[in-house]
2 protein chains.
Amino acid sequence: MSPRRSVADARQTRAVILDRAMEKASIEGLDGLTIGRLAADLGMSKSGLLGHFGSKESLQLAVLDAASAVFAREVVARAGGTPAGMSRLVALCDAWVSFLERGVFPGGCLFTAAAAEFDDRPGPVRDAVAGIHARWQEHLRRHVRQAVTDGDLPADTDSEQVVFELVGIVLALNHALQLNNDRRAPERARDAIARLLCGRLLSEYSGLPPGIPGIRA
Amino acid sequence: MSPRRSVADARQTRAVILDRAMEKASIEGLDGLTIGRLAADLGMSKSGLLGHFGSKESLQLAVLDAASAVFAREVVARAGGTPAGMSRLVALCDAWVSFLERGVFPGGCLFTAAAAEFDDRPGPVRDAVAGIHARWQEHLRRHVRQAVTDGDLPADTDSEQVVFELVGIVLALNHALQLNNDRRAPERARDAIARLLCGRLLSEYSGLPPGIPGIRA
DNA sequence: CCTACCGATCGGTAGG
DNA sequence: CCTACCGATCGGTAGG
């Protein structure tokens, strides 16, 4: 074994850097993340770290890629066993809430934090953040439309409206968890989602009989 | 007139600084705001600017105070003419959506941006942000409860749940406006709010007849 | 992967 | 309100 590291070692180092960078970025933001402090945390030099990415912007893009992979594993894959359409939609939303409830990223949703930081700064990072959000919302929309096709949602359901409201519920959840440490927020989010998608918990929420005729056959 | 400025002049200068600081903070965040660039924007020296506040943290707290005053004027006061309870709640929500639609802060909701930045950083700024959010949500909750008392919402309405969902809708609106420049988002937000509070637009949204029995008498 | 360094900028202070 | 300055830290580079 020579002191020169192999390609595999370099890849492993890169993965370790990105794991730590995701944690820090969820807490401090993608821009609040600095190369110097990240390197110090990892016990390596700034230039040693930067060598893996080339620039801070490239590091930020790599962090977004890595975080997308985490989201795919912790949310999308967990719902993969259910049939497309309403079942998948419900499973995706449940996994999404669980993702925040479990605190997969210690500082809350990295994408939400990145969106707030970069929404007014044109460039590759903003484009990447917007693309991640667009792809996820399209993914949800696809299953809303499938649910409509299957007759599980009314024929004239506005899929964009449903996704808009789902996003809102989860943003409110992230907000309540991060700012107020409100442990009841995940239940509130699940109730809101169930009511939006199925009217299932409307009875518990407002005293109405379960099921709004027309929403759920 | 001596070259030494009066107390009134100093107060005016402070107000001008805070106006510009609010604009920049809504775009760059409360921490992204730097004394040097803010001073350069205003054509004054860093130390001249810092003399009005003492430290960056004090400037951040002053910006939050000033932004609260803007919110009180642009949202709360606009709904002040309507009776407490359901009417006021609807007017507050409409003014809230309008506040974002009109772009009162050029970079979107300063409070949302500040919450994302400071939710993981204990200290006076985080406390101020959390306090502003808590007061606003309590304000909304008060009118939800009044609406229940008046019989405009069901007796077992969970006021915290309603406020949680209202916050989510407006967070989704801010998100859609800032990240996607989605001009239809304000209408989506109004639809979602109306459906949440009154079931009024449920017919347009999902084909149901207007009014869910029990939600709105 | 390191040390050693660069110019720029940060928040803040001294002194007037 | 200014100029002039402080130490610290930023992203990044040179050279090995």
Side-chain angles (χ1 to χ4, degrees), chain A residues 1-21 24-25 27-64 114 117-118 121 123-126 128, chain B residues 1-21 24-25 27-64 114 117-118 121 123-126 128:
Chain A
M1 302 294 281
S2 80
R4 168 162 286 135
R5 307 297 179 81
S6 68
V7 171
D9 282 341
R11 204 172 314 195
Q12 170 65 13
T13 300
R14 194 186 135 103
V16 169
I17 293 169
L18 286 174
D19 269 354
R20 191 89 187 88
K24 289 179 81 73
I27 294 170
E28 309 167 351
L30 260 185
D31 216 62
L33 189 67
T34 76
I35 295 164
R37 274 182 285 134
L38 178 57
D41 269 23
L42 292 162
M44 61 191 297
S45 68
K46 285 198 314 176
S47 70
L49 192 154
L50 203 50
H52 286 274
F53 305 97
S55 70
K56 178 165 181 180
E57 185 173 278
S58 296
L59 169 63
Q60 291 170 327
L61 294 171
V63 169
L64 286 173
E117 267 184 304
F118 283 90
R121 294 194 230 173
V125 178
R126 195 208 128 103
Chain B
M1 302 296 280
S2 81
R4 166 161 289 134
R5 305 299 177 80
S6 70
V7 171
D9 281 341
R11 203 170 316 192
Q12 170 65 14
T13 300
R14 195 186 135 103
V16 169
I17 292 169
L18 285 174
D19 270 353
R20 191 88 186 91
K24 288 178 81 72
I27 294 170
E28 309 167 352
L30 259 185
D31 216 61
L33 189 67
T34 77
I35 295 164
R37 273 182 286 135
L38 178 57
D41 269 24
L42 292 160
M44 62 190 298
S45 68
K46 286 199 313 177
S47 72
L49 191 154
L50 202 51
H52 286 274
F53 304 98
S55 70
K56 179 165 181 179
E57 185 173 277
S58 296
L59 169 64
Q60 290 170 328
L61 293 170
V63 169
L64 285 173
E117 268 184 303
F118 283 91
R121 294 194 231 172
V125 177
R126 196 209 126 104

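The sequence lines fix the lettering, A, B, ..., with proteins before strands; numbering per chain opens at 1.
- Here the closest non-hydrogen pair linking Arg126(B) and Phe118(B) is CG-O, 3.0 Å.
- When the C1' atom of dC1(C) is taken as reference, atom NE2 of His52(A) falls 7 Å away, rounded to whole Å.
- For residues 33-42 of chain A, proximity to DNA chain C is found at no residue, defined as any non-hydrogen atom under 4.0 angstrom from a strand atom.
- A 4.5 Å side-chain heavy-atom check between Asp31(A) and Val125(A) finds every atom pair outside the cut-off.
- In this structure, the CZ atom of Arg14(B) is 16 Å from the C1' atom of dC1(D), given to the nearest Å.
- Closest of all the heavy-atom pairs between Glu28(B) and Glu117(B) is O-OE2, 4.3 Å.
- The heavy-atom pair separating Ala10(A) from His52(A) by the smallest distance is O-CE1, 3.4 Å.
- We find that CD of Gln12(A) is positioned 15 Å from C1' of dC1(C), with the value rounded to whole Å.
- For Gly48(A) and Asp31(B), each mapped to the nucleotide of DNA chain C holding its nearest heavy atom, the one lying further toward the 5' end belongs to Gly48(A).
- Distances were taken from every side-chain heavy atom of Met44(B) (C-beta onward) to each of dC1(D), dG12(D), dG11(C); the shortest belongs to dC1(D).
- Remark: nothing in residues 53-63 of chain B comes within less than 4.0 Å of DNA chain D through any heavy atom.
- The nucleotide whose nearest atom lies closest to any side-chain atom of Lys46(B) is, among dC10(C), dG12(D), dC2(D), dC10(C).
- Within the 4.5 Å cutoff, no side-chain heavy atoms of Phe53(A) are placed close to those of Ile35(A).
- Rounded to whole Å, the distance from CZ on Arg11(A) to C1' on dC1(C) is 18 Å.
- Remark: Asp41(A) pairs with Arg20(A), Lys24(A) by the side-chain hydrogen bond (donor to acceptor under 3.5 Å, both in side chains) rule, at least two apart or across chains.
- Separation of atoms NZ (Lys56(A)) and CG (Leu49(A)) is listed at 11.5 Å; rounding is to 0.5 Å.
- By the side-chain hydrogen bond (donor to acceptor under 3.5 Å, both in side chains) test, Ser55(B) is found to be paired with Ser58(B), residues two or more places apart in sequence or in another chain being considered.
- Across all non-hydrogen atoms, the minimal contact from Ala21(B) to Leu33(B) is O-CD1, 4.0 Å.
- Within a 6.0 Å sphere centred on CZ of Arg121(B), other residues, nucleotides and ligands contribute more than 12 heavy atoms.
- Enclosure of atom CZ in Arg37(A) by more than 12 non-hydrogen atoms of other residues, nucleotides or ligands within 6.0 angstrom is indicated.
- The shortest side-chain heavy-atom distance between Leu59(A) and Leu18(A) falls under the 4.5 Å cut-off.
- For the pair Leu50(B) CG and dC1(D) P, the interatomic distance rounds to 12 Å; values are reported in whole Å.
- Among all heavy-atom pairs drawn from Leu61(B) and Pro124(B), the shortest one is CD2-O, 3.7 Å.
- Considering only side-chain N and O atoms, Ser45(A) lies under 4.0 angstrom from the phosphate OP1 or OP2 of dC2(C).
- Closest heavy-atom contact between Leu64(B) and Ala128(B): CD1-CB, 3.8 Å.
- In DNA chain D, consecutive stretches of 3 or more Watson-Crick or G-U wobble pairs with both distances under 3.5 Å are given as paired ranges: C:1-16 with D:1-16.
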Tabulate atom names and distances for all N/O pairs under 3.5 angstrom spanning the protein and nucleotides 14-16 of chain C.
none

